[in-house]
Visitor: 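Please find one structure pasted underneath; my questions will follow.
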Amino acid sequence: MPFTASWRTLLDECDALAADATLITPLSETRFRLIDVQEHRIVIEFVESGDSQPLQREQFETLAERIADAGGTFDLQRLPPDADPYAAVLSLHPRYEIDDRKGTLTETDDPTTSQLIKGASTQSADNQDETADRTEPDLDVYADMLLLIDALERHDPTALKDCETPALINLYTLLSDVQRNAGDLRQNVREVLLGRLHHDQPVHGQYGSVQRTSRRNRSLKDDNEVLDVLEDAGIPRERIMAVDREKVDEALDVTDLSESAVYEIEESEYVRKADVDEDRKETRLQGLKDQLALSDDPDAEALRQEVDELEQRIEELTEFTPGSEVGSRS
């Protein structure tokens with residue numbers, strides 16, 4: 001493909017970015033923004049220094065030729081000094097993709113989805129929904145959130161005292177399920193993000209920003225080793241000897257003492273989810289499906305299909321034979 005066509009596509013992608021969209025260079029990890037898109041160059045401004053730099057069309061064409069000469073995958077370490085902004089901007093093109101882990105810039109036959117953009121697109125939410133490929137995720141949290149949304153639409157969460165007890169129980173159960181399953185998904189997302197974030201560098205998305213940080217956990221070494229070290233430093237053993245809770249409990253088991261003799265006891269009341277009625281959840285999904293079947297809304301057909309697939313998945317999850325290993329809800 002002649003580079004003229006690729007250049008025009010790249011300019012269009014740059015024009016579509018929001019004014020505050022921030023890119024990050026793959027090698028030096030320097031943040032910058034596009035401040036001007038011209039016919040023969042793209043002008044960028046570095047976030048920290050405020051310095052501007054023009055990126056020339058000819059240099060982009062040279063980089064594209066190097067990628068082609070390398071068989072479609074170019075090692076970013078071969079970039080000339082201070083040239084990695086070219087790679088970051090070129091990755092906005094739908095057929096060029098940067099792999100952070102491999103340190104490569106690749107030309108692909110299919111449109112790419114992973115560019116180094118830190119910021120929001122100028123597209124409206126409606127346009128983004130129309131252009132995105134909507135697929136139903138195979139996740140428990142998805143089905144639970146659909147049921148929770150339905151419950152929230154039928155019961156005013158700002159007037160909980162006016163809700164009947166069964167409605168409150170339904171809300172509490174669904175909120176508990178969503179919280180647990182969302183927590184599991186959040187942990188999976190966090191593990192992937194850890195490989196892409198760097199310390200003290202906030203990375204921004206459409207709905208917020210994240211930053212990699214660290215926490216320091218301590219655990220004592222062997223008791224005798226700790227006592228010997230402190231004793232050598234002039235700290236007597238008696239000064240740091242503490243009551244061991246496990247040993248106290250063992251002592252209570254063999255004496256007539258009550259817990260209150262050695263423990264300060266404070267009781268508090270709370271609500272615990274005792275059970276989940278999967279059959280009722282399945283029935284409610286069927287009800288949603290029936291409502292959609294009567295709807296003339298143009299978007300109803302897509303929703304019908306989603307609910308139908310959710311219902312099928314819940315049926316698969318709730319059908320099992322003795323001896324099978326299945327995940328149970330707490």
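Atoms considered below: every heavy atom in the structure, side chains included; atoms not considered: hydrogens, waters and symmetry mates.
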Visitor: Any heavy-atom pair between the side chains of T104 and F74 that's under 4.5 Å?
Guide: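 No; the side chains remain at least 4.5 Å from each other.
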Visitor: Give, for atom CZ of R186 and atom CG of L193, the distance between the pair rounded to the nearest 0.5 Å.
Guide: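 Reported to 0.5 Å precision, the distance equals 10.5 Å.
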Visitor: Going by side-chain heavy atoms closer than 4.5 Å, which hydrophobic residues are tied to L194, directly or by a chain of links?
Guide: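 Answer for L194: none, a lone residue.
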Visitor: So, are D184 and R180 salt-bridged, with charged N and O less than 4.0 Å apart?
Guide: no
Visitor: Apply the test side chain to side chain contact (heavy atoms under 4.5 Å, CB included) to residues L171 and R154: give CA-CA distance (whole Å), side-chain angles for both, the deciding distance (0.1 Å), then the verdict.
Guide: CA-CA 11 Å; L171 284 173; R154 291 183 292 107; over 6 Å; no
Visitor: Are L92 and V43 joined in one hydrophobic group, where the rule is that I, L, V, M, F, W and Y side chains link up if heavy atoms are under 4.5 Å apart?
Guide: no
Visitor: Looking just at side-chain N and O atoms, do R33 and T22 make a donor-acceptor pair shorter than 3.5 Å?
Guide: yes
Visitor: Give the table of side-chain donor-acceptor pairs shorter than 3.5 Å for residues 35-42, with sequence neighbours excluded, one pair per line with atom names and distance.
Guide:
unit_1 : atom_1 : unit_2 : atom_2 : d
D36    : OD2    : Q38    : NE2    : 2.5
Q38    : OE1    : R41    : NE     : 2.9
E39    : OE1    : R8     : NH2    : 3.2
E39    : OE2    : R8     : NH2    : 2.7

Visitor: Do S49 side-chain atoms and D51 backbone N/O form a donor-acceptor pair below 3.5 Å?
Guide: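 Here the side-chain-to-backbone pair exists.
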Visitor: Rounded to the nearest 0.5 Å, what separates atom CD in E97 from atom CG in L90?
Guide: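 That separation rounds to 12.0 Å.
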Visitor: Please step through side chain to side chain contact (heavy atoms under 4.5 Å, CB included) for the pair L76 and I98, ending with a clear verdict.
Guide: CA-CA 9 Å; L76 292 172; I98 285 179; 4.3 Å; yes
Visitor: Tell me the closest heavy-atom pair linking V89 and L55, and the distance in Å.
Guide: CG2-CD1, 3.8 Å
Visitor: Atom CG of L34 and atom CD of E13: how far apart are they, to the nearest 0.5 Å?
Guide: 11.5 Å
Visitor: Hey, could you give me the CG/CG distance between L105 and D75, rounded to the nearest 0.5 Å?
Guide: 10.5 Å
Visitor: Do side-chain atoms of S176 reach the backbone of Y172 as a donor and acceptor pair under 3.5 angstrom?
Guide: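 No.
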Visitor: Does L168 share a hydrophobic cluster with L147, counting links as ILVMFWY side-chain heavy atoms below 4.5 Å and allowing steps through other members?
Guide: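 As far as the 4.5 Å side-chain criterion goes, L147 and L168 are connected within one cluster.
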Visitor: Looking at every heavy atom in both A21 and L17, which two are closest together, and how far apart are they?
Guide: CB-CB, 4.2 Å
Visitor: Start with the C-alpha distance between S258 and S260, add both sets of side-chain angles, then the distance that settles side-chain hydrogen bond (donor to acceptor under 3.5 Å, both in side chains), and finish with yes or no.
Guide: CA-CA 5 Å; S258 64; S260 59; 3.0 Å; yes
Visitor: Walk me through whether L185 and L139 qualify under side chain to side chain contact (heavy atoms under 4.5 Å, CB included).
Guide: CA-CA 9 Å; L185 179 59; L139 297 170; 3.9 Å; yes
Visitor: When rounded to the nearest 0.5 angstrom, what distance separates CG in D84 from CG in L27?
Guide: 4.5 Å
Visitor: Quick check: closest heavy atoms across F32 and P85, and the distance to 0.1 Å?
Guide: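 Heavy atoms of F32 and P85 come nearest at CZ-O, 4.1 Å.
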Visitor: Please tell me if the side chains of R57 and F3 come closer than 4.5 Å, counting only heavy atoms from C-beta onward.
Guide: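 They are in contact (side-chain heavy atoms under 4.5 Å apart), so the answer is yes.
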Visitor: Please evaluate residues I67 and Y96 with respect to the criterion side chain to side chain contact (heavy atoms under 4.5 Å, CB included), reporting the C-alpha separation (whole Å), side-chain torsions for both, the decisive distance (0.1 Å), and the verdict.
Guide: CA-CA 10 Å; I67 297 171; Y96 288 92; 3.7 Å; yes
Visitor: Would you say I169 ends up clustered with L148 if hydrophobic residues are merged whenever their side chains have heavy atoms under 4.5 Å apart, either directly or through other cluster members?
Guide: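 Hydrophobic grouping puts L148 apart from I169.
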Visitor: In the single-linkage hydrophobic clustering (I, L, V, M, F, W, Y; side-chain heavy atoms under 4.5 Å), do V141 and L152 co-cluster?
Guide: yes
Visitor: Report yes or no: do V47 and I24 belong to one cluster of Ile/Leu/Val/Met/Phe/Trp/Tyr joined by side chain heavy-atom distances under 4.5 Å?
Guide: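 As far as the 4.5 Å side-chain criterion goes, I24 and V47 are not connected within one cluster.
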Visitor: If I take atom CG from residue N181 and atom OH from residue Y142, how far apart are they, to the nearest 0.5 angstrom?
Guide: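 Answer rounded to 0.5 Å: 14.5 Å.
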Visitor: Can you see which heavy atom on P54 is nearest to which on Y86, and at what distance?
Guide: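 Closest approach of P54 to Y86: O-OH, 3.9 Å.
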Visitor: Look at the rings of F60 and W7 and say which category their plane angle falls in: under 30° parallel, 30 to 60° tilted, over 60° perpendicular.
Guide: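 Tilted.
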Visitor: Atom CD of residue position Q53 - does it have more than 12 heavy atoms of other residues, nucleotides or ligands inside 6.0 Å?
Guide: yes
Visitor: Kindly check if the number of other-residue, nucleotide or ligand heavy atoms within 6.0 Å of CG (D99) is above 12?
Guide: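 Count over threshold, so yes.
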Visitor: Can you confirm whether E164 is buried at CD, in the sense that more than 12 heavy atoms of other residues, nucleotides or ligands lie under 6.0 Å from that atom?
Guide: no
Visitor: Is the count of non-hydrogen atoms from other residues, nucleotides or ligands lying under 6.0 Å from Q56 atom CD greater than 12?
Guide: yes
Visitor: Identify the two heavy atoms, one from P80 and one from R66, that lie closest to each other, and give their separation to 0.1 Å.
Guide: CD-NH1, 4.0 Å
Visitor: For D249 and Y263, does a side-chain donor sit closer than 3.5 Å to a side-chain acceptor?
Guide: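 Looking only at side-chain atoms, Y263 and D249 do form a donor-acceptor pair, the distance falling under 3.5 Å.
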Visitor: Are a donor atom and an acceptor atom from the side chains of T25 and S28 found within less than 3.5 Å of each other?
Guide: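 T25 vs S28: donor-acceptor pair found between side chains.
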